[in-house]
*Asks:* 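There's a structure below that I have some questions on.
So that the names make sense, note that chain A is the first sequence line, chain B the second, and so on, each numbered from 1.
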Amino acid sequence: MKRSPLQMTQDRRLRLIGLRLLLLIVVIGIWGIGSLGAPAFILPSPRRVFGVWTQLVITPGFWADFGITFYRIAMGFIFATVVGVVLGLLLGASRTLGDFFQPLLVVINTVSSSIWAIFALIWFGLSNWSTIFVVFMTAMPLILTNVWQGTSTVNRDFIELAQTFRMSRLQVLLKIYLPTILPQFFAGARLAFGFGARVSIVAEALGASSGIGYRLRQAADLVQTDQVFAWTLTLVILMIFIEAVLLKPLETRLFAWRKPRPA
Amino acid sequence: MSVVQLESVGKSFMRRDGEQLEVLRNIDLDVPERSIVALVGASGCGKSTLLNIVAGLIPPDQGTVYLNGQKSSAFRDWRSMTYMFQEDRLFPWRTTAQNIALGLEAAGMPRAERRDRVMQVLELVGLEKFADSFPHELSGGMRSRAALGRSLVTEPSILLMDEPFSKLDPSIRTQMHDEVLRIAALRQMSVLFVTHDVEEAVVLANKIVVLMPRPGRVKETREIDLPYPRNPLSPEVAEEVRLLRLSL
Ligand SMILES: Nc1ncnc2c1ncn2[C@@H]1O[C@H](COP(=O)(O)OP(=O)(O)OP(=O)(O)O)[C@@H](O)[C@H]1O
Ligand SMILES: [Mg+2]
């Protein structure tokens with residue numbers, strides 16, 4: 001009997017979940033075997049890390065650190081999105097502006113995030129703004145570049161059609177430009193979020209007195225390797241959670257109009 | 001009165017090698033109120049360019065365009081004219097209903113009112129069942145009908161169409177001809193359209209303008225005085241088709 005497209009999607013999803021679980025078991029297995037031959041301060045066993053993690057989660061300070069890191073990433077990302085989208089659209093709309101600022105963007109893109117972290121430390125000291133700034137400087141150029149490139153894929157025929165309907169500039173922006181750049185924006189924002197989140201840890205390790213990055217450095221300074229692993233695990237879980245619960249469903253919803261790719 | 005009038009309109013394009021390509025020369029054209037005018041001519045003789053000029057998308061190099069008796073530059077009522085392009089130009093991220101609603105959104109019509117109008121038009125072009133489909137889920141013919149719907153929903157008084165029915169199969173094409181004639185009569189609409197199909201021109205138009213290529217010039221203007229509806233199998237229509245073929 002032929003399976004309906006819905007059933008086939010479900011089949012594929014089940015298969016994927018199975019594969020993911022298998023991968024998880026393999027990774028933990030190798031880690032476990034590896035930890036047998038190493039002292040705990042080099043490579044703690046999965047069981048030990050899990051034990052430390054469950055203890056960590058119930059300390060009240062954990063959620064405060066977790067929360068402050070998430071807050072800094074989110075703030076940096078939100079600023080980056082607003083500035084990146086507005087500037088990207090502006091540069092896309094005006095050729096002169098685009099040509100003028102192009103080299104600046106290249107320069108910003110070549111400056112490593114760690115250098116931004118050092119600048120942040122100099123300018124903002126030990127404060128939330130250090131981390132927010134670093135996340136912003138990492139994420140904003142990525143979003144800007146994607147939005148800018150997205151504007152050049154706008155279909156001229158659609159603009160012409162809009163002209164025949166005498167659509168206003170704002171309408172053209174909202175009804176043609178925005179939907180056109182959305183896939184590119186989304187790809188860029190996703191990348192930017194990932195980079196931003198990773199670099200926020202470095203920033204916190206250097207220039208903060210709270211947050212996951214700060215705790216990681218503390219644990220490393222005290223050679224509490226199991227703690228380092230536990231915090232890392234926390235981060236990984238946070239990122240997977242955001243990807244699976246926020247980004248993926250949003251993407252599916254926003255891009256329902258796309259022609260499905262052949263399986 | 002004429003809704004569209006062209007006086008010795010000429011247009012050249014700069015080719016990429018720097019040479020001037022004269023596309024239209026000395027075009028006089030007249031679309032009387034409530035008439036249907038067909039433009040026929042070989043591929044590349046400037047038919048789409050002519051419609052683009054009438055729609056105000058590109059300026060003519062020579063001559064003048066009058067819309068409702070006003071110079072095109074002084075014309076303000078652009079929303080009373082819609083243009084169905086040679087390509088459907090449906091937004092891939094919009095459903096059929098949303099695509100059709102575009103012109104109403106542009107005019108700032110409230111959502112509730114829009115819905116009724118869109119429903120009517122969906123029925124008119126036979127796409128009620130595909131209101132929520134995205135363009136990639138429609139056949140070529142359905143896409144043309146959606147594009148036609150988008151041009152009709154704002155109830156224009158001037159409709160420009162560039163080979164509107166070329167992607168439809170014959171039975172649906174006949175149906176669309178009937179619809180266009182009905183809507184044109186009902187809404188007192190004037191139509192200027194391009195076609196390759198000689199029979200289509202004779203069945204629909206009061207007047208057929210034959211263009212000849214390189215550069216595009218008016219070769220002949222034929223008035224078709226047969227009563228509607230015109231049966232393509234009737235001898236009168238067949239005779240007009242034959243005469244038109246001869247002049248092409
Ligand atoms: N923007 C442009 N720049 C340069 N040349 C152009 C441009 N638009 C049209 N042309 C040229 O003008 C000529 C007429 O084009 P047009 O599209 O008006 O022809 P057409 O009569 O509509 O043809 P068809 O029946 O194939 O659609 C063609 O030779 C084309 O190459
Ligand atoms: Mg054409």
*Asks:* Got more than 12 heavy atoms from elsewhere within 6.0 Å of CZ, B:Arg187?
*Replies:*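 Check passes, neighbour count above 12.
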
*Asks:* Got a sec: does the CZ of B:Phe13 have more than 12 other heavy atoms crowding it under 6.0 Å?
*Replies:*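 Atom CZ in B:Phe13 is crowded, with more than 12 foreign heavy atoms closer than 6.0 Å.
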
*Asks:* Provide the closest heavy-atom pair for B:Phe85 versus A:Leu161 in the form atom of the first, atom of the second, distance.
*Replies:*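 Looking at all heavy atoms of both residues, the closest pair is CE1-CD1, 3.7 Å.
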
*Asks:* Considering only heavy atoms from C-beta outward, does the side chain of A:Phe158 approach that of B:Pro92 to under 4.5 Å?
*Replies:*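 Counting from C-beta outward, A:Phe158 and B:Pro92 do come under 4.5 Å.
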
*Asks:* Can you check whether A:Asp157's main-chain N or O pairs, donor with acceptor, with B:Arg89's side chain at less than 3.5 Å?
*Replies:*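 Yes, the answer is positive, given that a donor and an acceptor are paired below the 3.5 Å cut-off.
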
*Asks:* Within this structure, what is the CD-CG distance for the pair A:Glu160 and B:Leu57, rounded to the nearest 0.5 Å?
*Replies:*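 Here the interatomic distance stands at 4.5 Å.
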
*Asks:* If you count the non-hydrogen atoms of other residues, nucleotides and ligands that lie under 6.0 Å from CZ in A:Phe186, is the total more than 12?
*Replies:*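 Counting other residues, nucleotides and ligands, CZ of A:Phe186 exceeds 12 neighbours.
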
*Asks:* I'd like to know if the side chain of A:Gln171 and the backbone of B:Glu105 have a donor-acceptor N/O pair within less than 3.5 Å.
*Replies:*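 Here the side-chain-to-backbone pair exists.
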
*Asks:* If you compare all heavy atoms of A:Arg166 against all heavy atoms of B:Trp78, which two are closest, and at what distance to 0.1 Å?
*Replies:*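 Looking at all heavy atoms of both residues, the shortest contact is NH2-CD2, 3.0 Å.
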
*Asks:* Can you confirm whether B:Arg150 sits close enough to A:Phe165 that some side-chain heavy atom of one is under 4.5 Å from a side-chain heavy atom of the other?
*Replies:*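 They are in contact (side-chain heavy atoms under 4.5 Å apart), so the answer is yes.
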
*Asks:* For atom CE of B:Met14, is the number of surrounding heavy atoms from other residues, nucleotides or ligands below 6.0 Å larger than 12?
*Replies:*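 No, the 6.0 Å shell around CE holds no more than 12 heavy atoms from other groups.
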
*Asks:* Any chance CZ of A:Arg253 has more than 12 other-residue heavy atoms, nucleotides or ligands included, within less than 6.0 Å?
*Replies:*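 It does not: A:Arg253 CZ has 12 such atoms or fewer within range.
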
*Asks:* Are the side chains of B:Phe91 and A:Thr180 in touch, meaning some heavy atoms are under 4.5 Å apart?
*Replies:*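 No; the side chains remain at least 4.5 Å from each other.
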
*Asks:* Measure the shortest side-chain to side-chain distance between A:Thr164 and B:Leu160 over non-hydrogen atoms and say whether it is less than 4.5 angstrom.
*Replies:*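 No, too far: nothing below the 4.5 Å cut-off.
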
*Asks:* Which of the residues A:Asn155, A:Val172, A:Ile176 is involved in the greatest number of heavy-atom pairs with chain B at under 4.5 angstrom?
*Replies:*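 Heavy-atom pair counts peak at A:Ile176.
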
